[in-house]
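Quick notes on the structure that follows.
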Number of protein chains: 2
Amino acid sequence: MTTETVRRTADERREEILDAAFEAFAQSGFVGTSTEAIADAVGISQPYLFRLFGTKKQLFLAAVERCLEQTHEVLEAGLAAQEPGADPMIAMGEAYRVAIERPGLLRMQMQAYVACDDPDVRAVVRDGYGRLVMRIAAATGASPQEIAGFVASGMLLNVLAAMDVLESDLPWAALLREGCIGGP
Amino acid sequence: MTTETVRRTADERREEILDAAFEAFAQSGFVGTSTEAIADAVGISQPYLFRLFGTKKQLFLAAVERCLEQTHEVLEAGLAAQEPGADPMIAMGEAYRVAIERPGLLRMQMQAYVACDDPDVRAVVRDGYGRLVMRIAAATGASPQEIAGFVASGMLLNVLAAMDVLESDLPWAALLREGCIGGP
DNA sequence: CCGTGATGTTAGTGATGACTCACAACCATG
DNA sequence: CATGGTTGTGAGTCATCACTAACATCACGG
């Protein structure tokens, strides 16, 4: 048998674990996901996961931070791609169409929000989300109504992803989706 | 000692349990809430809870249904209270100001959404939420953009409730709150 | 006043899950 | 080849939790 054990550096392992944890937490949430399931997905033993991350909560917090970072990146990419002089609000709306391609990211956002019952999670989420909002405000100079409307659209997309109706042809789902990101 | 055991009918108990379960699930979610905690809050033994609801999931589903019903009621109340001839969209916006007074309701919505990983929950949530959206569409006759915008505002409020920033004076939170429901 | 059905509890059980300890295999360097 | 740091695991521990079986207590009709 050639089940040769692929040995990796601790940093590489941490990266793999974080990837697996992200998907698992996005699907089943913090309490609903077992560390064993994550370890299995990576292909390592569960004790090793604990050595590399210390605690289930620390791993979750790392996933939350990554989630906020990636959201930020999606936004920045939208801004960077815009025509000079165009309305930045439209550029960021375009960014949503990109985000939709990653339901895992949207679901992870939801999981981060509901996990805000925990103070440590809450601190990270508030901080990260606050930065996102301020970045939008600074980039667009839009009114509170416009900004809130934009952010709210993102939240609606998150919820549609959680309900798994982003691709659905249920009439109400199609209506919301198209009302949210524009026609087909 | 006058710890006289208050005996109730099964239906009254079910009601009490549902109340307690609603608050508990809203706070900690389906997996994060123990049936023991709910039983304790009601002041009954945990096995009795199981006799009256059969299963933790059935209890959760009952709480989800109640959540959707109450959301519907808030909306209907807004519509019923409007001036004849006024824009129904504005009436329902006013309904949000009422909903904000009940963070438990908003948080329970979030918990229902993330619990959509489970097919049974998903079915109930999709059905209930679909009805809400169609009711709004019928009552307002508004465009998909308007409807989605309205629904999205509700989602943003849910998230702000989950983050516990509905009363916060963090600048970004205040911006979103006011951008969402209008100035003070 | 006694039986019968409804309301309620005590004391489990089996499974799961976060986390630990001791040990093993591997690799680099002197 | 010895040594020591790094990568990794097997086999637990202890708590929690959904759910059950059996028994207790009350109220009420005949």
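In what follows, chains carry the letters A, B, and so on, assigned in the order in which the sequence lines appear, proteins first and then strands, with residues in each chain numbered from 1.
A salt bridge (charged side-chain N to carboxylate O under 4.0 Å, His left out) with Asp11(B) is found for one member of Arg14(B), Arg8(B), Arg13(B) and no other, namely Arg14(B).
Against DNA chain D, the stretch residues 9-19 of chain A makes heavy-atom approaches under 4.0 Å through Thr9(A), Ala10(A), Arg13(A). Within residues 22-50 of chain B, the residues having any heavy atom closer than 4.0 Å to DNA chain D are, in order of number, Thr33(B), Ser34(B), Thr35(B), Gln46(B), Pro47(B), Phe50(B).
Residue Phe60(B) contributes atom CZ, which lies 17 Å from atom C1' of dC17(D) at whole-angstrom precision. Look at CG on Leu52(B): it is 14 Å from P on dT20(D), rounded to the nearest Å. The CZ-P distance, from Arg51(B) to dA6(C), rounds to 10 Å in whole Å.
For Asp87(B), the side chain to side chain donor-acceptor pair (under 3.5 Å) test picks out no residue, with sequence neighbours left out. Evaluation of the side chain to side chain donor-acceptor pair (under 3.5 Å) rule for Ser28(B) yields no partner, not counting sequence neighbours.
The base of dT6(D) lies close enough to the side chain of Arg7(A) for a donor and an acceptor atom to sit less than 3.5 Å apart.
Side chains of Thr140(B) and Glu146(B): no donor on one and acceptor on the other come within 3.5 Å.
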In a table with atom names and distances, give each donor-acceptor pair under 3.5 Å that connects a side chain of residues 169-176 of chain A to protein atoms at least two apart or in another chain.
none

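Residues Asp127(B) and Arg131(B) are paired through a salt bridge, judged by an N-O separation under 4.0 Å between the basic side chain and the carboxylate. Between Glu23(B) and Arg107(B) no salt bridge is recorded (no basic side-chain N to carboxylate O distance below 4.0 Å).
Among the protein residues, Arg8(B) comes within range of the sugar-phosphate backbone only, with heavy atoms under 4.0 Å from sugar or phosphate atoms but none that close to a base.
Listed by first then second residue, pairs satisfying salt bridge (Lys or Arg N to Asp or Glu O under 4.0 Å) with a partner in residues 27-48 of chain A number zero, not counting sequence neighbours.
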